[in-house]
Number of protein chains: 2
Amino acid sequence: MGTKQRLPDRKSKITVREVARRANVSESTVSRIMRNKGLVAEATREKVMETVRAMGYVPNRIAGSLASLDSFLIGVVIPSLSNIVFPEVLQGVHAGLEGSDLQPVISTTDYDIDREEVVVRGILAWKPAAILLAGFEHTEATRKMLDQSAIRVVEMMDIDSTPIDIAVGMSHHRAGHAIGRHLIARGYRHFGYVGHDWTADRRVRLRYDGLCEALAESGLSIESKAMTDGASSVAEGRAQTARLRAQAPQIDVAVYSNDDMAVGGVFHCLSEGIRLPDEFAVFGFNGLDIGKELPQPLSTVRSNRYLIGKKSIEEVLASPERPPNPTIIDTDFEVFAGATA
Amino acid sequence: MGTKQRLPDRKSKITVREVARRANVSESTVSRIMRNKGLVAEATREKVMETVRAMGYVPNRIAGSLASLDSFLIGVVIPSLSNIVFPEVLQGVHAGLEGSDLQPVISTTDYDIDREEVVVRGILAWKPAAILLAGFEHTEATRKMLDQSAIRVVEMMDIDSTPIDIAVGMSHHRAGHAIGRHLIARGYRHFGYVGHDWTADRRVRLRYDGLCEALAESGLSIESKAMTDGASSVAEGRAQTARLRAQAPQIDVAVYSNDDMAVGGVFHCLSEGIRLPDEFAVFGFNGLDIGKELPQPLSTVRSNRYLIGKKSIEEVLASPERPPNPTIIDTDFEVFAGATA
DNA sequence: CTGTTAGCGCATTCAT
DNA sequence: ATGAATGCGCTAACAG
């Protein structure tokens, strides 16, 4: 650390003014240099950058943002961090933001649209460049705020409704339907369903409905259901699978509300020595990594959570102005046959 | 939505000034009301709040923050979002922030301290109230920035070094040692190690070193290792387990770099019909949910990621001033016997 | 290529 | 209990 300059004392916040004084230039010159904007003589730039480094100056974005009236924040509102799919969306968001000098501000709602309202208000107060939410269910007040904000609004995960501005995701209804057709084609006739609470997450219900429709088209139906009131988990998947098999032994395939639940089903079978998929078949949803590595790869539908996050950002960066008509971006899904169904 | 007032047009940003005009009060009165600070007549408050609602006014925090010179942001810098432990830390952070009207700004480093430097600079520019990072490894420039910022700095996960300001986490060295003693006590004598890249994550190495020391104290050692250069995953856990067993059949217990790898080991055994723990034993690290639900619960060490996030926030909220001496908060760990070792 | 002048939207004195 | 004035730190015209 060559030059033994006197360190700035801890409390004195260093501003453009101090830097400008020390470097014998004006504040705007320093500002221009810090933002690589406008013409500056190479000599001045070097001189200023040196004092910037020496003083450890970091421009205050709060002030910068206020002065320039543009934002460097992206609001992200997700239901939860405990369901692995949302961190995956966040990964995509981070990837999309790479190199853009925007920072994500993240909040969670616990699947509660009233909390979402509070959280959205809090985020909009930061005047973000755009806001990303999960799903289409919002309070009236939330809708009003989002609309008035006039910034780009992305509703992620789901494309089965009309978005406020942009929707990025897949059709869960079609996915459910595809699952039904796939399993019928494989010869299954006695369907069970193992699920978790779907009041908080509309997408779970959409998949279920799509599945039922596909079955109905072939004159079939869900013969038995085992559901928990709570959140999805491997433990609940195990427990509900046990219940389903006890209450409806004729079932030859169970469709699960998601992979967590389905992995629980697989574990139950492993523990009880039930042969998959001959004796009982398991079908999940999401395409989580864990499913791929089971002794037998889990049969499931792969959604593209990472892609959803990434595309969402790409879209808002591509056109910062809200167009007159809503945009829908389908990130699609893929039925993965696997070995458990 | 009762009162059919004319909606503000989308573009006109509503500021205190407009609200004040419409409500026939001064800007300061509006400001006071919005912040519930200072005395205001109940009548005025109601009158103003009504126009606030009608106009859909949301105070601009950027401006507020600049004017009051205090921050409402917390910076959080983590290595990645793909390793489930970090979202868990974030959950704790969110929980700790509950009710505090602070917002987290999150960035990831991909385990690269040069990227960390960039990211920290970006976050400090927002003048956050505090910043949370993972680990003790930072570039000199990062250290300098953190020091100069004079805000509270929390180094999370690890407490095996001296922190800049606060460290919240557990001793990974002690954990490794505890694993060794536990397994020796259970009668194991032929140790193997299955691991992943530890250059990027010092904590993996600390556990390994602790383990080796415990073994050495009993005249034992790691007889064989199977390691991948890449990140940890269930798939790599499977693959490396196969390798270990092929190259050193005498091994009776393998310690894994973490639960992801260990679950891979368990899956390998399930597929190959290897009896756990008699024929081969598996010991992980982290205490992930998935491990608990395996047909046989995974033997592991439980760390408290959620608690780490939560305590970190609690600590910085409790004392916003940086004390003269570093603080260390031990969130501890717990050896969980499980059924695979 | 560089400096000067005005705000950005709000919170904080201090008056009244 | 309310209002007027000042400035937070920076950027954006505009001069020169």
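Order of the sequence lines sets the chain letters (A, B, ...), proteins ahead of strands, with each chain counted from 1.
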Closest to side chain of [X], choosing from [options]:
X	options	value
A:Pro59	C:dC10, D:dT2, D:dC10	D:dC10
A:Ala41	D:dG9, C:dT2, D:dC10	C:dT2
A:Val16	C:dT4, D:dG9, D:dG3	D:dG9
B:Thr15	D:dG3, C:dT4, C:dC10	C:dC10

Checklist outcome for this item: Rounding to 0.5 Å, atoms OG1 (A:Thr139) and CZ (A:Arg115) come to a distance of 13.0 Å
Item to check | Pairing string, 5' to 3', for DNA chain D - Watson-Crick or wobble contacts under 3.5 Å, brackets [ ] where pairs cross, | to another strand | outcome: |||||||||||.||||
To the nearest angstrom, how far is [X] atom [atom1] from [N] atom [atom2]?
X	N	atom1	atom2	result
A:Ile62	D:dT11	CD1	P	13 Å
A:Phe72	D:dT11	CZ	P	8 Å
B:Lys13	C:dG7	NZ	P	14 Å
A:Lys47	C:dC1	NZ	P	14 Å
B:Glu42	D:dT2	CD	C1'	15 Å
A:Arg21	C:dG3	CZ	C1'	15 Å
B:Trp126	D:dG9	CH2	P	16 Å
A:Leu69	C:dG9	CG	C1'	9 Å

Checklist entry - Is any side-chain heavy atom of A:Ser100 closer than 4.5 Å to a side-chain heavy atom of A:Leu317? => result yes
Checklist entry - Taking side chain as C-beta onward, heavy atoms only, is A:Leu97 less than 4.5 Å from A:Ile74? => result yes
Checklist entry - Distance under 6.0 Å and angle within 45° of the ring axis: does B:Arg202 meet both against B:Phe136? => result no
Next on the checklist: Does either side chain, that of B:Ser319 or that of B:Arg152, offer a donor lying less than 3.5 Å from an acceptor on the other one?
Outcome noted: yes
Checklist entry - Just by distance, with hydrogens left out, do B:Thr29 and B:Arg45 show a side-chain donor and acceptor under 3.5 Å apart? => result no
Return no unless some side-chain N or O of [X] is found under 4.0 Å from OP1 or OP2 of [N].
X	N	result
A:Thr29	C:dG3	yes
A:Tyr57	D:dC10	yes
B:Thr44	D:dT2	yes

Item to check | Residue list, salt bridge (Lys or Arg N to Asp or Glu O under 4.0 Å) with A:Asp114, at least two apart or on another chain | outcome: none
Next on the checklist: Between A:Asn304 (side chain only) and A:Leu307 (backbone N and O only), is there a donor and an acceptor less than 3.5 Å apart?
Outcome noted: no
List, with names and distances, any nitrogen or oxygen atoms from the protein found under 3.5 Å away from nitrogen or oxygen atoms belonging to nucleotides 12-16 of chain D.
from   : atom 1 : to      : atom 2 : distance (Å)
D:dA12 : OP2    : A:Arg35 : NH1    : 2.9

Checklist entry - What is the nucleic acid contact for A:Leu39, judged by heavy atoms within less than 4.0 Å: base, sugar-phosphate only, or nothing? => result base
Next on the checklist: Students often get this wrong, so: under 4.0 angstrom with heavy atoms, is B:Leu66 touching a base, only sugar-phosphate, or nothing?
Outcome noted: base
Next on the checklist: Test side chain to side chain donor-acceptor pair (under 3.5 Å) on B:Arg35 and B:Ser31; report intermediate values, then the result.
Outcome noted: CA-CA 6 Å; B:Arg35 289 172 300 118; B:Ser31 173; 3.0 Å; yes
Checklist entry - Hey, mind stepping through B:Glu315 and B:Lys311 against salt bridge (Lys or Arg N to Asp or Glu O under 4.0 Å) and telling me if it holds? => result CA-CA 6 Å; B:Glu315 184 65 18; B:Lys311 286 256 183 201; over 6 Å; no
